Amino acid sequence: MDTRPALFGKTLEELRTIAAGLGQKPYVGAQLAKGLYQRRVASFDEMTDLSLALRRRLEDEFTVGLTAPSKVDASVDGTKKYLFPAAGKFVEAAFIPDAERSTLCLSSQVGCKMGCLFCMTGKQGFQAHLSVNEILNQVRSLPEGPQLTNVVYMGMGEPLDNLENTLNSLEILTADWGLGFGVQRVTVSSIGLLPALETFFSRSRVRFALSLHNPFEDERRQLLPVQNVHALSDVLAFLRTAQKTDARRLSIEYIAFAGVNDTPRHVKELVRILHGIKIRVNLIRFHPIPGTPLAGSNEAALVAMRDSLNEKGIPTTIRRSRGQDIYAACGLLSTKALLKPVVQDF
Amino acid sequence: MAQPLRPVDVTRVETAGPDAWTLYWKRDFSFHAGQVVALSLTADGPQRLYSLATGENESEAGVLFNLAPDGWLTPRLQVVCAGQTLFVSEPFGSFVGTPGPAVWVANGTGVAPFLSMVRSGQTADKTLVQGARTRSDFYGQELLAGKLGASYIRCASADTGEGLHAGRLTTFLGRPWPADTPFYVCGSAAMVVEARDILIRQGVPFKSILSEVYF
């Protein structure tokens with residue numbers, strides 16, 4: 001097993017520290033960043049702006065740290081679902097090409113701790129946080145990587161539960177010295193972990209999407225256990241306050257479940273609780289998961305919700321389903337791929 | 001937002017099991033059994049949430065924790081002694097008990113909110129199904145057995161003997177349950193998700209299952 005640390009996934013500051021530790025000038029850190037993130041080298045030998053001696057030393061003490069996907073499933077609609085080895089398991093990344101953009105939906109954890117009723121990833125339990133290297137490797141080692149225009153943190157895991165690694169990955173993803181994605185091209189989605197959300201807003205400028213799924217707090221906690229400790233009203237109060245000084249785009253993720261959260265009563269309450277926040281709503285069709293007690297809303301209910309919300313001044317769209325023939329809902333593929341679930345004593 | 005914290009002095013530390021302890025401090029607030037507090041070692045340090053494990057009317061408040069060797073906080077909490085200062089928030093959260101019958105399901109320190117409910121006198125028509133590996137891992141078992149009697153079920157996955165139901169908690173749950181019984185499930189994500197799936201398969205409506213995941 002290779003125990004050499006990976007350099008891909010290090011911030012500029014960390015690369016400068018490493019360079020200094022090797023007796024190099026600080027600008028060598030910037031040269032490393034340029035090679036790793038802009039020139040997209042796969043080996044130290046390709047870093048020809050470094051001396052041969054330094055390249056040899058880097059080879060002895062570090063790896064670049066790229067890991068190819070171990071499996072890919074392609075949908076008839078062009079969506080591709082990649083399985084990446086990470087933390088001894090697998091994580092999923094979905095490449096979603098569209099007319100004007102190509103989006104990568106990446107994972108931030110193996111499994112998840114949040115236990116949302118509608119989520120397949122949660123059925124794995126929590127396995128591990130992804131390192132910065134493992135998060136960004138999904139971008140860098142994606143065969144379609146150079147085509148990517150957008151990145152969304154909406155795959156497996158709760159990004160704000162892996163806060164430091166998420167923030168460092170965002171820094172590298174959006175920095176001029178890094179992978180160079182504009183902050184308007186990156187969205188982090190979360191169920192709303194409040195102290196972490198505050199830190200996220202103070203340290204990153206990328207877009208934010210709140211997984212809301214039910215405007216009534218008593219009903220929301222039947223779907224999202226986190227509601228018991230991080231109340232939706234507190235999360236929205238934070239967003240309302242943050243928006244006074246923060247211009248980033250905010251959106252709501254709302255999976256529509258038949259008879260559970262798609263009625264006129266829910267629309268009315270959504271309008272009420274979102275009052276005063278400039279925010280758009282994405283209505284999402286539910287990809288059924290095995291054993292779920294939930295069913296997705298029908299087209300008529302989705303359209304009625306969308307139209308009602310738009311009439312009330314909340315920009316709302318219905319997200320087009322992609323990759324349904326390849327288990328594109330996050331967690332489905334990797335849960336199937338887990339050879340043996342970890343049996344815990346309880 | 002991060003919860004505002006205030007200093008409290010630890011009054012005592014009680015061993016609750018192998019690698020598990022309850023930290024107590026003088027209670028000067030009111031709360032509902034099942035609520036949590038944010039806890040930190042310093043006024044502005046990293047916060048973690050813990051369910052209060054003590055009763056609504058007891059003079060002390062306390063939290064139950066077990067050692068997570070890779071965790072940041074619990075290895076430090078493990079060495080806290082009486083007289084030391086911790087920083088805690090006001091209680092908050094909505095995983096609170098209701099009058100009437102209910103089945104409580106817990107593993108690990110997930111038993112804390114139910115300990116609080118029992119210590120607050122909420123025992124009528126309640127059944128607690130607690131899962132653990134061995135007999136010594138059932139935190140609070142003496143109190144729970146005394147207060148709940150036959151309605152206290154201990155499922156031991158790696159132990160047998162008097163008073164223990166041999167097997168995993170989730171195996172025990174795979175039986176018919178009255179459809180109108182509310183379930184309160186608290187513990188690790190893996191247990192909560194598996195227990196919830198089993199109950200739903202047994203015909204319990206998902207709206208009757210309230211979960212709290214420790215993360």
Side-chain angles (χ1 to χ4, degrees), chain A residues 109 111-129 158 161 163-164 191 193-199 201 217-235 237-238 241-242 257 260 289-294 341-346, chain B residues 1-3 34-36 38 40 46-49 51 92-96 105-108 110 113 129-134 137 155-159 168-171 185-201 203-215:
Chain A
Q109 294 177 318
C112 185
K113 300 175 194 169
M114 302 299 135
C116 300
L117 180 65
F118 48 82
C119 176
M120 192 65 189
T121 301
K123 294 189 185 300
Q124 295 181 14
F126 173 72
Q127 316 259 350
H129 292 301
E158 163 55 53
D161 186 46
L163 184 62
E164 279 306 313
I191 57 175
L193 303 181
L194 262 180
L197 185 59
E198 195 173 39
T199 307
F201 266 69
E217 307 222 347
D218 261 13
E219 296 178 18
R220 188 173 187 254
R221 65 185 186 151
Q222 295 163 356
L223 302 173
L224 295 93
V226 73
Q227 171 68 35
N228 284 314
V229 287
H230 297 302
L232 179 60
S233 54
D234 293 339
V235 177
F238 169 75
T241 303
F257 303 109
V260 173
I289 60 173
T292 179
L294 301 165
V342 178
V343 174
Q344 300 186 4
D345 287 312
F346 47 71
Chain B
M1 283 147 275
Q3 294 289 327
Q35 287 190 305
V36 301
S40 179
Q47 301 180 8
R48 299 287 184 272
L49 303 184
S51 296
F92 63 100
S94 55
F95 189 78
V96 294
V105 180
N107 74 325
V129 184
Q130 186 179 11
R133 190 172 149 73
T134 65
D137 300 322
C155 300
S157 61
D159 206 350
R168 299 174 79 220
L169 171 160
T170 42
T171 307
V185 186
C186 185
S188 66
M191 185 282 286
V192 167
V193 169
E194 191 176 339
R196 192 175 58 197
D197 282 355
I198 289 166
L199 292 171
I200 288 169
R201 279 203 297 275
V204 178
F206 78 86
K207 292 180 178 180
S208 297
I209 306 169
L210 188 58
S211 309
E212 179 132 300
V213 178
Y214 279 11
F215 55 87

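Both backbone and side-chain heavy atoms feed into the values below; hydrogens, waters and symmetry mates do not. Residue numbering restarts at 1 for every chain, and letters A, B, ... go by the order of the sequence lines. What you see is a predicted model; the values in this text were computed from it and never measured.
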Open item on the list: Let's test your reading of the structure: which of B:Leu210, B:Asp137, B:Ile200 forms the most heavy-atom pairs below 4.5 Å with chain A?
Closed with: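 That would be B:Leu210.
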Taking side chain as everything from C-beta outward and backbone as N, CA, C, O, which of these in [X] sits under 4.5 Å from a heavy atom of chain B? Side chain, backbone, both or neither.
X        : result
A:Leu193 : side chain
A:Leu197 : neither
A:Gln227 : backbone

Distance-minimising heavy-atom pair for [X] and [Y]:
X        : Y        : result
A:Cys116 : A:Ile191 : SG-CG2, 4.3 Å
A:Val229 : B:Glu212 : CG1-OE1, 4.0 Å
B:Ala195 : B:Val185 : CB-CG1, 4.2 Å

- [ ] May I ask you to decide if B:Glu194's main-chain N or O and B:Asp197's side chain share a donor-acceptor pair within less than 3.5 Å?
- [x]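 Judged by distance alone, no pair lies under 3.5 Å.
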Task: Geometric class of the A:Phe201/A:Phe238 ring pair [parallel <30°, tilted 30-60°, perpendicular >60°] - done: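 The rings of A:Phe238 and A:Phe201 stand perpendicular, inter-plane angle above 60°.
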Open item on the list: What part of B:Arg196 gets within 4.5 angstrom of chain A, counting heavy atoms only: side chain, backbone, both, or neither?
Closed with: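 For B:Arg196, the side chain is the part near chain A, not the backbone.
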- [ ] Tell me, for B:Phe92 versus chain A, whether the close heavy atoms (under 4.5 Å) come from the side chain, the backbone, both or neither.
- [x]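 Only the side chain of B:Phe92 comes within 4.5 Å of chain A.
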